[in-house]
There are 2 protein chains.
Amino acid sequence: MVSMNRRDPVPQDVPGDAATPGTDGRGKRRSPLTSQIVLQAALELVDVEGLEALSMRRLGHKLDRDPMALYRYAANRDALLDGLTELLLDQWVISGAGPGDADWPWQDQLRQAAHGFRLLVLQHPHVMPLLVTRPLSTPLGLRPLGALRPLEQLLAVFTRAGFGPSGALHAYRAYYGFLIGHVINELEEFVVNPDEDDTGLRLGLHRLPAKDFPHLRRLASQLLDYDGQAELDQGITIVLRGLQSQLESPAGPQ
Amino acid sequence: MVSMNRRDPVPQDVPGDAATPGTDGRGKRRSPLTSQIVLQAALELVDVEGLEALSMRRLGHKLDRDPMALYRYAANRDALLDGLTELLLDQWVISGAGPGDADWPWQDQLRQAAHGFRLLVLQHPHVMPLLVTRPLSTPLGLRPLGALRPLEQLLAVFTRAGFGPSGALHAYRAYYGFLIGHVINELEEFVVNPDEDDTGLRLGLHRLPAKDFPHLRRLASQLLDYDGQAELDQGITIVLRGLQSQLESPAGPQ
DNA sequence: TCTCTCAATCTACACCGTAGAGTCTACGGT
DNA sequence: ACCGTAGACTCTACGGTGTAGATTGAGAGA
């Protein structure tokens with residue numbers, strides 16, 4: 001076994017913030033974990049070392065607990081992953097969903113929400129696969145509430161925009177589908193070795209046979225000065241324009 | 001409850017005869033594997049039992065070989081997964097990319113390609129996570145050629161449509177982003193237990209607190225008669241219309 | 001016959017998720 | 001002061017995983 005790693009002594013002594021049992025915790029016994037703490041540690045582990053590094057044993061080590069201690073806070077590893085996606089989705093702010101700010105144009109709300117989502121995912125790129133993968137194994141209604149809140153709020157925005165129930169659902173799908181597709185695209189084009197000189201080399205495009213990939217090879221420079229924010233903004237403009245035209249068309253949103 | 005999946009102590013002795021090599025040396029020595037055979041078997045395994053079931057040992061068992069024999073055809077498990085995504089992407093037919101059928105409108109080509117992609121993924125839903133996840137860890141130029149061919153062909157279509165290099169790239173991103181987003185959406189809404197009676201029950205929507213999720217709960221029936229093909233078609237219409245307007249605008253495709 | 005090469009196998013190691021049982025501590029009741 | 005209890009945690013063990021390294025065995029060519 002490796003030497004004990006104690007560089008990360010867990011923000012204890014903060015008993016007030018979570019629904020912890022009545023432990024005062026100033027004795028020799030460490031204050032108990034909470035699922036909040038566990039999930040936060042898991043997120044840090046994933047952010048720093050990637051998804052593969054998130055094992056119960058490694059997480060237990062990071063928290064200075066036996067791996068089995070984690071099973072009090074997550075039924076199993078899958079539940080831990082689900083918790084991570086919820087932790088992230090719950091941070092997605094969709095303003096304009098409440099009754100307060102109804103006067104703000106819905107297009108602007110959706111545009112801002114899209115940029116917020118993009119930034120959120122870019123801050124935790126390794127979690128992205130979870131956002132795609134985890135919901136696949138859970139029926140919609142059984143997902144954690146925190147993961148459904150964005151859906152509900154988006155439906156509210158579309159409803160206030162004038163869409164009927166069915167129209168709001170269609171609009172949501174077009175919107176969220178494009179959004180998640182864009183983020184995947186952006187992450188996939190992320191360059192791994194930004195300290196390379198030649199643009200072709202940096203992307204490895206030199207390897208491609210010129211005969212079979214003429215267009216791709218010509219794009220080296222354009223691929224490098226990729227502006228994800230502008231790209232998203234243009235795309236969202238297209239989608240919103242399309243949705244608006246649906247709203248105005250006679251065969252409208254019902 | 002959370003019992004593990006341990007009901008098959010000894011799987012069948014049948015060495016997955018699908019895709020057996022044609023040349024069967026009647027002698028004691030079996031004809032050697034090929035990476036084609038290995039990948040095909042891996043795909044079948046994933047299709048039938050899901051991604052988790054694809055382990056070197058299980059695949060070796062299916063092929064009636066020692067697990068280590070596979071390492072001659074795939075450097076490691078990750079390479080196997082990459083091979084799977086290539087195997088799938090390589091089946092994506094994008095007609096109109098060759099010089100022959102240039103007269104066919106590019107919008108129709110892209111629409112058909114989109115539907116083809118959707119059908120392809122629906123036939124292998126468990127592979128979808130790979131399509132999203134795998135390219136994240138490989139710089140664009142270093143991906144297998146089979147995985148880059150669709151990109152190149154789409155660029156060709158956009159170029160012939162009148163986009164300049166940079167415009168074609170933007171168009172590709174909007175198109176493919178929406179496409180992959182849609183498929184993710186569709187797979188996520190797939191209902192797991194279609195033998196349930198009540199629509200609310202089937203989706204688990206009854207669990208949601210009515211106060212916090214009014215819109216979502218109202219959508220039970222609409223969620224159930226989801227027509228992915230029509231949905232994709234509408235979305236692709238929106239995207240194509242947006243792209244075309246970019247083509248015609250003066251600040252156009254450059 | 002002897003050797004070379006390829007395909008496949010055998011053995012072993014470190015790691016993984018997690019079931020089941022045991023341990024330690026603080027607290028409430030008496 | 002004592003005990004019982006319940007909660008938080010730890011120990012041990014089992015079967016699974018990817019894969020490095022050494023080994024086998026069967027043609028092909030000399």
Side-chain angles (χ1 to χ4, degrees), chain A residues 1-2 4-5 10 12 15 18-38 41-42 45-46 49-84 137, chain B residues 1-11 15 20-21 23-38 41-42 45-46 49-84 137:
Chain A
M1 143 135 12
V2 207
M4 279 282 259
N5 187 352
V10 178
Q12 42 196 358
T20 57
T23 64
D24 195 54
R26 58 189 175 152
K28 43 184 72 174
R29 192 163 179 81
R30 295 165 299 184
S31 60
L33 294 175
T34 64
S35 51
Q36 280 276 347
I37 295 176
V38 171
L45 194 52
V46 169
E49 307 197 50
L51 255 187
E52 326 261 87
L54 179 56
S55 71
M56 304 303 269
R57 289 169 142 98
R58 295 253 260 152
L59 184 54
H61 178 84
K62 181 179 167 70
L63 289 169
D64 204 21
R65 296 287 202 294
D66 186 280
M68 293 308 289
L70 306 176
Y71 283 83
R72 183 165 304 274
Y73 308 100
N76 50 39
R77 185 170 183 267
D78 278 3
L80 197 69
L81 297 180
D82 284 334
L84 271 190
S137 48
Chain B
M1 193 162 172
V2 197
S3 69
M4 255 191 76
N5 193 358
R6 201 168 298 180
R7 68 263 193 253
D8 50 353
V10 178
T20 44
T23 70
D24 184 16
R26 78 280 148 242
K28 33 188 79 172
R29 189 163 180 83
R30 292 163 301 186
S31 58
L33 294 174
T34 65
S35 51
Q36 278 276 346
I37 296 176
V38 171
L45 194 52
V46 169
E49 307 198 49
L51 254 187
E52 323 264 84
L54 178 56
S55 72
M56 304 303 269
R57 288 168 143 99
R58 296 255 260 153
L59 185 53
H61 177 84
K62 181 179 166 71
L63 289 168
D64 203 21
R65 294 289 202 293
D66 187 281
M68 294 307 289
L70 306 176
Y71 283 83
R72 183 167 305 274
Y73 308 99
N76 48 38
R77 185 171 184 268
D78 278 4
L80 197 68
L81 298 179
D82 285 334
L84 270 191
S137 48

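Quick note on labels: first sequence line is chain A, next is B, and so on, each numbered from 1.
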Starting at [atom1] of [X] and ending at [atom2] of [N], how long is that distance when rounded to a whole Å?
| X | N | atom1 | atom2 | answer |
| --- | --- | --- | --- | --- |
| A:L70 | C:dG17 | CG | C1' | 11 Å |
| A:D78 | C:dG17 | CG | P | 10 Å |
| A:M68 | C:dC16 | CE | P | 14 Å |
| A:Y71 | C:dA21 | OH | C1' | 16 Å |
| B:E52 | C:dG17 | CD | P | 12 Å |

- Query: So, does A:R30 use its side chain to make a donor-acceptor pair with the main chain of A:D64 at under 3.5 Å?
  - Reply: yes

- Test item: A:Y73 side-chain N/O and A:V38 main-chain N/O as donor-acceptor pair under 3.5 Å: no

- Within the modelled atom types, does a donor on one side and an acceptor on the other bring the side chain of B:R57 and the base of D:dG16 under 3.5 Å apart? no

- Query: Is a donor-acceptor pair below 3.5 Å formed from side chain B:R72 to base C:dA7, judging by atom type as modelled?
  - Reply: yes

- Task: For C:dA7, give its Watson-Crick or G-U wobble partner with both distances under 3.5 Å, or none.
- Result: D:dT24

- For C:dT30, the Watson-Crick or wobble counterpart (both distances under 3.5 Å): D:dA1

- Query: Atom CG in A:L63, atom CZ in A:R58: separation rounded to 0.5 Å?
  - Reply: 13.0 Å

Compare the minimum distances between each of [options] and the side chain of [X], then state the nucleotide with the smallest one.
| X | options | result |
| --- | --- | --- |
| B:A69 | C:dT18, D:dT19, C:dA8 | C:dA8 |
| B:R65 | C:dA8, D:dG18, D:dT12 | C:dA8 |
| A:Y73 | D:dC9, C:dA8, C:dC16 | D:dC9 |

- Message: Does any part of the side chain of A:L70, heavy atoms only, come nearer than 4.5 Å to the side chain of A:L80, both counted from C-beta?
- Response: no

